[in-house]
S.K.: 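Following this message is one structure expressed as structure tokens.
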2 protein chains.
Amino acid sequence: MNNNSNLFLCKATRNTYEHRRSSLLCQVCGDRNARNCFGSVSCAPCKMFFRRNLDFDLVINKCIYDGNCEMHENSRHACRYCRFKKCLTVGMKKELTRPPRLNQKKRIGKQITPPLIRRLDLLNSNRSKLSFDQWSILSNVTHVYDQISPLPKILNSLSQSSFPPKKRLRIDGATLADMLGLIYRSIYSFLERIPDFTMMSIHDRNLLIERNLHNVGSTSGLLILRDGDLYSNYAFCRANLNTYGSDNFEGVSKLLNRLDMDRVAVKLFVVVLAFSTCFDVVRPSNMTNNIQLSKSTNRLHFNTINMFHIQNKYIDMLFIYMVYRYGYIEASLRFAALLFTALQLCVHTMEAANIQEHGDMLDTIIADTTRKLNVEDDPVV
Amino acid sequence: MNNNSNLFLCKATRNTYEHRRSSLLCQVCGDRNARNCFGSVSCAPCKMFFRRNLDFDLVINKCIYDGNCEMHENSRHACRYCRFKKCLTVGMKKELTRPPRLNQKKRIGKQITPPLIRRLDLLNSNRSKLSFDQWSILSNVTHVYDQISPLPKILNSLSQSSFPPKKRLRIDGATLADMLGLIYRSIYSFLERIPDFTMMSIHDRNLLIERNLHNVGSTSGLLILRDGDLYSNYAFCRANLNTYGSDNFEGVSKLLNRLDMDRVAVKLFVVVLAFSTCFDVVRPSNMTNNIQLSKSTNRLHFNTINMFHIQNKYIDMLFIYMVYRYGYIEASLRFAALLFTALQLCVHTMEAANIQEHGDMLDTIIADTTRKLNVEDDPVV
DNA sequence: AAAAGAGGTCACAAGGTCAG
DNA sequence: CTGACCTTGTGACCTCTTTT
Ligand SMILES: [Zn+2]
Ligand SMILES: [Zn+2]
Ligand SMILES: [Zn+2]
Ligand SMILES: [Zn+2]
């Protein structure tokens, strides 16, 4: 339909334009100062005329004369039919017309007033505010998180890679792995300073790290990426694209915009993930009757109930904090959004885990952490 | 139409030229002479287009057609929305854009989008309504759930215990266990009729049952308790109090009032729990370097990524369904409430798991189910 | 030094407006 | 409806920086 050269675009029109430069006459009415318009050459008035009459129906509207009205500068108004027909004859194309521009004067000012919704009874605690103890835990979490944040190092590393010698736009895979490794390694430093973690047995801590480090690290990493505005760094992005591929990069990029703006909430959520027991229900007793159960039930050693209570404690804190800060409805919205973000991020974390370099890196970090834990446990021996 | 400079080249040269060039078609509009641009391959115009429209908001600016405008060299102007969307689709990355050069005059700073929660950005699917496929899955889940519901049997058993001889006000522990056992056993019948479950490997199904039956069963049980109004039955309550104790009974009773009134939503949530992979991140490859990892990593056999996608699929469906039915805000409220209810219920499930009778019962059921699964797998042998 | 891939420029050709 | 006048989007052609 549009395979021939009739549908001029700039490239083609320029050529013909050059050719016809000497004659600046409107192909429709003969007026001077004609220009390229809709695939032909016409004056501005004829251009406007054509655009305004795109829906003009040559079948319904007939010329009142013989359909051969002359078109001159002064006579072009005489007959709409013949003028439009001439426009088509000289090669004006409706297809070169573009859709109307968006009305940029629309202002966003409208804030939707959320409808009143009955209050659901979400939590156990009747308190709508955090207790003193909860505030101190929350404050501790926030403070410690920033204290151990690997962001300064990463930024430093980035600026060293970028500036001094010359403005390098390339970071190699190893450098990137180092920077991301800092993020994952910082998780243990973080948890180490949270009493609820250190009060657990070495074994439980090991298992938590081993099981949750991927997700805790990536969630924390998302916050760090945003804090440091790292996805604005060209070299950093490029290195990430190289290592993790386009899909993963894009997914993370989206989530970056979706992550809750409240850093405190995100930090708390990181802790929730760290204590995640994943709905596992296990009996602490010995597994007398479980003949058929697979080896995966080694998780039985897990002190799951305790861990679950800790997780719930932080979820409660997170939600009460959000209610306190944003009101009940917005808190629910944000909580759901946070959860969905985490779920989606988990997909990308799994993708990353399948990448040899990334997987190996995490295995190493987990092994290192485990070793560290064991050393701390038996400092005398 | 084509660049006429080709005419002046000798044939051989032109061939290689054409060959080299023709291998690079613009991924956006199909134009020739495309190059690497922003992470994809595009012609210069599309490159410019993309850079100029970095702030183009696909949410605010919609296609005036159906959002599937064709992109050709000549039709690329037709729809900004579709062109930009195609740019993103073919992998152009905003992040590969660089900030404006410094020596030039300052540009107007980007306006930072306030932390408004974007409604439809939450989930993976762009649709705000369920697709036909999703509706059939949902309808199937709902229907099957009611079909296999053990409630009729339980009610029958209750009335038999209560009425015929005399109005018995006592149900013994064994009878109660039988009734509750029906609930837990029904889970497998339920899942068995869900294609997403049956299409998994026997091994995976085993692990899911083994891992999630406690929670799936208790959540489903909560719905059944409410459907049958069982907590209005004196004898039933008394038996429960006897077996599970006062705290547990009261806790469940509270949750009973808190559970979402929408049965469809709860049923979907039961499925979500059934496919719960618990944020586990595992590498499918062999664990070459995992020296220190404990035995719990036997879970590696788990086809976690697949399972996670299934879970996400049902979560999406659940949320979209709720948005469709209640609007975005109420959907978030209900979703959060459902999640909190489940978390709280999980605590009681754990408590119950520690009760000898209950734990043994579940072990038996899990073992039975596993056996059933294996038999179904090898009907010939 | 050449190629590649970023950003920048400006004339041209679209769309929009409003008095006439 | 018309057309002078204005605003906005496009792309050929350019410069600049890093990689090869
Ligand atoms: Zn004219
Ligand atoms: Zn006429
Ligand atoms: Zn193109
Ligand atoms: Zn379109």
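Below, each value reflects all heavy atoms present in this structure, side chains not excepted, and no hydrogens, waters or symmetry copies. Nothing here was measured: the structure is a model prediction, and the numbers come from that model. Quick note on labels: first sequence line is chain A, next is B, and so on, each numbered from 1.
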S.K.: Under the 3.5 Å rule, do the base of C:dA14 and the side chain of A:K47 count as making a donor-acceptor pair?
M.R.: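 Indeed there is one.
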S.K.: Could you tell me the separation between the CG atom of A:D31 and the C1' atom of D:dA4, rounded to a whole number of Å?
M.R.: 13 Å
S.K.: Does C:dA4 have OP1 or OP2 under 4.0 Å away from a side-chain N or O of B:N36?
M.R.: no
S.K.: For A:R76 and D:dG3, is the shortest distance between a side-chain N/O and OP1 or OP2 below 4.0 Å?
M.R.: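 Checking D:dG3 against A:R76, a side-chain N or O does come within under 4.0 Å of OP1 or OP2.
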S.K.: Expressed as a whole number of angstroms, how long is the span from A:N74:CG to D:dT2:P?
M.R.: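 The distance from CG of A:N74 to P of D:dT2 comes to 15 Å, rounded to the nearest Å.
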S.K.: Are B:N53 and B:R80 linked by a side-chain donor-acceptor pair shorter than 3.5 Å?
M.R.: yes
S.K.: On DNA chain C, nearest-nucleotide positions of A:P99 versus B:L96: which is more 5'?
M.R.: B:L96
S.K.: Kindly assign one of parallel, tilted or perpendicular to the pair A:H214 and A:H358, based on the angle between their ring planes and the thresholds 30° and 60°.
M.R.: tilted
S.K.: What is the distance from CD of B:E73 to P of D:dT10, rounded to the nearest Å?
M.R.: 15 Å
S.K.: Between P on D:dC1 and CG on A:N61, what's the gap in Å once rounded to a whole number?
M.R.: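 These atoms are roughly 11 Å apart.
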S.K.: Tell me: CZ of B:F50 to P of C:dG5, nearest whole Å?
M.R.: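 Atom-to-atom, B:F50 to C:dG5, this comes out as 16 Å.
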S.K.: For a quick check, tell me whether the side chain of B:R52 and the base of C:dG7 share a donor-acceptor pair closer than 3.5 Å.
M.R.: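 Side chain to base: no pair present.
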S.K.: Ignoring hydrogens and angles, state whether a donor on the side chain of A:D146 or A:S149 is under 3.5 Å from an acceptor on the partner side chain.
M.R.: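 The answer is no; no qualifying pair exists.
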S.K.: Any side-chain N or O of A:R35 less than 4.0 Å from the OP1 or OP2 oxygen of C:dA13?
M.R.: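 Checking A:R35 against C:dA13: at least one side-chain N or O falls below 4.0 Å of OP1 or OP2.
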S.K.: Quick one: is B:H77 getting a side-chain N or O under 4.0 Å of the C:dA13 phosphate, OP1 or OP2?
M.R.: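 Checking B:H77 against C:dA13: no side-chain N or O falls below 4.0 Å of OP1 or OP2.
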S.K.: Is the closest side-chain donor-acceptor distance between A:S246 and B:K93 under 3.5 Å?
M.R.: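 Indeed, the side chains of A:S246 and B:K93 share at least one donor-acceptor pair under 3.5 Å.
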S.K.: Counting heavy atoms from C-beta on, name the nucleotide in D:dG3, C:dA14, C:dA6 closest to the side chain of A:R83.
M.R.: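 Closest of the options to the side chain of A:R83: D:dG3.
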S.K.: For D:dG9 and A:R98 - does any side-chain N or O of the residue sit under 4.0 Å from the phosphate oxygens OP1/OP2?
M.R.: no
S.K.: Distance check needed: D:dG9 C1' versus B:F49 CZ, whole Å only.
M.R.: 9 Å
S.K.: Under 3.5 Å, is there an N or O donor on one side and an acceptor on the other linking the side chain of A:R51 and the base of C:dG16?
M.R.: yes
S.K.: Could you tell me how far apart B:M92 (CE) and C:dG5 (P) are, to the nearest whole angstrom?
M.R.: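 Going from CE in B:M92 over to P in C:dG5 covers 12 Å.
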S.K.: What does B:C43 touch in the nucleic acid at a heavy-atom separation under 4.0 angstrom: a base, only the sugar-phosphate, or nothing?
M.R.: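 It contacts nothing in the nucleic acid.
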S.K.: Rounding to a whole Å, what distance do you find between A:N33:CG and D:dC5:P?
M.R.: 12 Å
S.K.: Quick check against the 3.5 Å criterion: does A:R185 have a side-chain atom that pairs as donor or acceptor with the backbone of A:D368?
M.R.: no
S.K.: Nearest heavy atom decides the nucleotide; on that basis, is B:N53 or A:R80 closer to the 5' end of DNA chain D?
M.R.: A:R80
S.K.: I want to verify a distance call: between C:dA6, C:dG16, D:dT2, whose nearest atom is closest to the A:M48 side chain?
M.R.: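 In terms of side-chain proximity for A:M48, the closest of C:dA6, C:dG16, D:dT2 is C:dG16.
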S.K.: Should the pair A:R334-A:E330 be classified as a salt bridge under the 4.0 Å nitrogen-to-oxygen rule?
M.R.: yes
